[in-house]
Amino acid sequence: MKRFLVWAGIFFLPFFSRAQDRFRFTPENPRPGDTVYFSYTPPAEWKNEIPHCVIRNVGNFLDNYSAWVLDFPGRVTEIEWSKIENEYKGQIITSPQTALLTFSFNYGHIQMESVGDRLVMKEGKTDWNDSAGFMIRMKGKDNQPVPLANFYAGRFIGSDDMFNPTNRLGMNNTALGINYLEQEIELYGASRNTMLAYYMMQKDIAKFRERSKELLEKQFQKGLKTESDFSLAILLMRNLEMPNMANYFGSQMWEKFKDQPGIYGIQILQMAIMDTLKSFAQKDSILQTMIVKKDSLSNDQIKAMAMFDIHNTQYSMLLNIAEKGDEPLFRKYADKYQYTYQRHNYLKNILVADAFSKTVNSGTLTYFKSGYDYFKHVDSLWELHSTQRLSDPDDTYFTQKEILDHIRMGVILYADKLNLYYYQSGDYKTAMLYASESFSEWKEINDINFKNNLPVETDYLKTAEKVLPQNQVKKIAEDFIRDNPDYGTYNEELLRKIYLAEHGSNNGVESYFLTLRSKQIKEFSKQFIAQQINEPAPPFTLTNLKGEKVSLKDLKGKVVILDFWATWCGICISEFPNMQKIIDSYKNNPNVVFLFVDAWENEQLKDKENVIPKVKKVISSRNLTFNVLLDMHNQVVSDYNVPGMPYKFIIDKNGKIRYKINGGNRSESQFKDELFAMIESLL
């Protein structure tokens, strides 16, 4: 169960320094099962912000089968704590299984997104402790870290890949991670999982193979007595590119342990179920045998891994039933196998990944209906038990918000797919039922990657246009743009169409959108005010395309946006349509001035006489109303020390540079909101 603990600060504790003075804890050598008291002082630059603390109580918990496969089991604990002056204080009760405590000190709403195989902070910020993390390794009677403490520490600190989801910091301190794993090997010997983690982090392959050879020799000296001994030796052989030897010892292991199989034997049973049996009753019977064999295993971590394979098999079976469209059979086995969030989550991952790749048609309709019914069933089941949570300790690894978001994802995806099917079939009334449900759930979740991959709001609005009156559709689109930072192009296009129909022209449409976004922009402006710089803007006088002189000193009292660009800069020109919309939003505000400084053309256009016609063509062909200034000698671009293009400076009414903006890599809505927010913060 999640523990919410408040430390009133009435204790005087002799805190001991760890890593740096900002994080301290006692006792100095905590034992598993101890209550650990800790204090945290935010960095000086964040002292006025309130940190949120999330602790993962990490250990070899038997019930945490899937997290074990990820090499990083950990129970989430959210705490309430007290603040005394600039220091926050709290406490956490560990369990007899605890090996490591990790602390995340987060500021604002934390949102990570995957970029390739890495996690990147998209929103919010986290105190990374100079990429060393905040951790407490539990100690034994000899004051050495307990078994697995260094292993978990190495996994936590050494990998920021998206397959290690409990590393919410996105750190990748491989040197420190390897150091922890080496300590684990020195204290307790190598294990299969330690070597797998070691391999994932080790960039020096020659050094890794040398270490593998050394450990393999030690393993043979010790002797191959258990299934774990065999599996480690086989892994080390594969690391050393000895496949024939690895296969030989694999066959020896199976012969030795086939009558009392451990994890490898259970995996072989699993493959037999999926590859050779057709009857679901037969498969289920073998599954029960696997469960019995799992319970007879003596090693807790192998039990955990075996349980993962058992559930993997269960959900593969359910997926096959769903594909056949046998709804009664699907419900029977879904009810039998699924009563915890963690097990639901695994099936959700399988079904969602599968559904993303499938198209709904008459042949797959029953599959999608089965999946939709399943997720609705889980949703209602969770609501039924919302006060006491489901009776499985696995659920304690996730926050309430994580659980609800992941349950919603299945409902969202399958309802959206069914909406598209009935929309394409012309049954707009039925489509609207699914569209409404998908959209209402979609608005509640925070997973940006999922939202970006599934534009539910667009599908919903397309269906709504067929069913609802225009004024209702308009309100839905307005509310979404008003309240969401990344609202999608279809919403905007729809409202532009409605605006044109209502007003007969597009005059004032940009001001209309600026008004819709005013609440979000004000919130955004508060963030940017804290990021303002204060540099004097170098003075300049340049000629525009009309031959007029434009001087910065004449614009005092106005907010000036300087946009440096060139005719050869594709990214610069790609931003122009959005810049035109922003200009139109402020066309009735004399206190905001936009200047587009063309520079760095001489290297691309050797003949200076060709510069002006080239610039005019770029502007006129796009019907832009820009005031373009010509920096023919590249003096202004040099004075402003422009690092690349596009690049923008926002100058306040007193002639001070307050913001600098790199161009590119933003969505249209984000691009406009950021610029609007910066401008509004200076008006």
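Position 1 is the first residue of the sequence; numbering continues from there. All figures in this text were calculated on a predicted structure; none of them were measured in a lab.
- By the side-chain hydrogen bond (donor to acceptor under 3.5 Å, both in side chains) test, Glu186 is found to be paired with Arg211, residues two or more places apart in sequence or in another chain being considered.
- We find that Glu45 and Lys125 are not joined by a salt bridge, their nearest charged nitrogen and carboxylate oxygen being 4.0 Å or further apart.
- For the residue pair Leu232 and Ala190, the shortest heavy atom distance occurs at CD2-O, 3.4 Å.
- One finds the CH2 atom of Trp46 at 12.0 Å from the CZ atom of Phe105 (value rounded to the nearest 0.5 Å).
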Phe38 vs Ile55, side chain to side chain contact (heavy atoms under 4.5 Å, CB included): CA-CA, chis, key distance, verdict
CA-CA 11 Å; Phe38 65 93; Ile55 305 172; 3.9 Å; yes
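- Partner of Phe23 under the ring-ring contact (aromatic ring centres under 6.0 Å, His included) criterion, out of Tyr88, Tyr40, Phe134: Phe134 alone.
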Requested in this report: Could you please spell out the steps behind the side chain to side chain contact (heavy atoms under 4.5 Å, CB included) verdict for Gln91 and Tyr37?
Outcome: CA-CA 4 Å; Gln91 66 184 45; Tyr37 302 89; 3.1 Å; yes
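- Proximity of Pro145 to Leu187: side-chain heavy atoms (C-beta onward) are separated by under 4.5 Å at one or more points.
- Residues Arg137 and Asn29 have side chains that never bring a donor and an acceptor to within less than 3.5 angstrom of each other.
- Atom-to-atom distance recorded for Lys218:NZ and Leu216:CG is 12.0 Å, nearest 0.5 angstrom.
- Note that CD of Glu184 is 13.0 Å distant from CZ of Arg155, once rounded to the nearest 0.5 Å.
- The two residues Ile92 and Leu101 make their nearest non-hydrogen contact at CG2-CD1, 3.8 Å.
- Closest approach of Pro32 and Pro96 over heavy atoms only: CB-O, 3.5 Å.
- Within a 6.0 Å sphere centred on NZ of Lys207, other residues, nucleotides and ligands contribute 12 heavy atoms or fewer.
- When all heavy atoms are compared, the tightest approach of Ala99 to Pro147 is CB-O, 4.0 Å.
- With hydrogens and angles ignored, the 3.5 Å screen pairs no side-chain donor or acceptor of Asp34 with any backbone N or O of Val36.
- With values rounded to the nearest 0.5 angstrom, Asp127 atom CG is found 5.5 Å from Tyr107 atom OH.
- The shortest non-hydrogen separation linking Pro42 to Asn86 is CD-O, 3.4 Å.
- Closest approach of Pro30 and Pro27 over heavy atoms only: CD-O, 3.4 Å.
- The number of heavy-atom neighbours closer than 6.0 Å to CD of Glu210, taken from other residues, nucleotides and ligands shown, is 12 or below.
- A 6.0 Å sphere centred on CD1 of Ile50 holds no more than 12 heavy atoms belonging to other residues, nucleotides or ligands.
- Contact annotation: the side chain of Met138 never approaches that of Arg31 to less than 4.5 Å [non-hydrogen atoms, C-beta and beyond].
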Starting from the C-alpha separation in whole Å, work towards a yes-or-no answer on side chain to side chain contact (heavy atoms under 4.5 Å, CB included) for Tyr372 and Glu437. CA-CA 11 Å; Tyr372 172 79; Glu437 181 170 33; 2.3 Å; yes
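- Of the options Thr98, Leu148, Leu100, a side chain to side chain contact (heavy atoms under 4.5 Å, CB included) to Val58 is made by Leu100 and by none of the others.
- Interatomic distance, CD of Glu87 versus OG of Ser82, reported as 9.0 Å (0.5 Å rounding).
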Worksheet entry | Met135/Tyr180 under side chain to side chain contact (heavy atoms under 4.5 Å, CB included): CA gap, chis, key distance, verdict | CA-CA 12 Å; Met135 297 182 290; Tyr180 281 125; 3.7 Å; yes
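- Residue Ile84 holds its CD1 atom at 11.0 Å from OG1 of Thr41, rounded to the nearest 0.5 Å.
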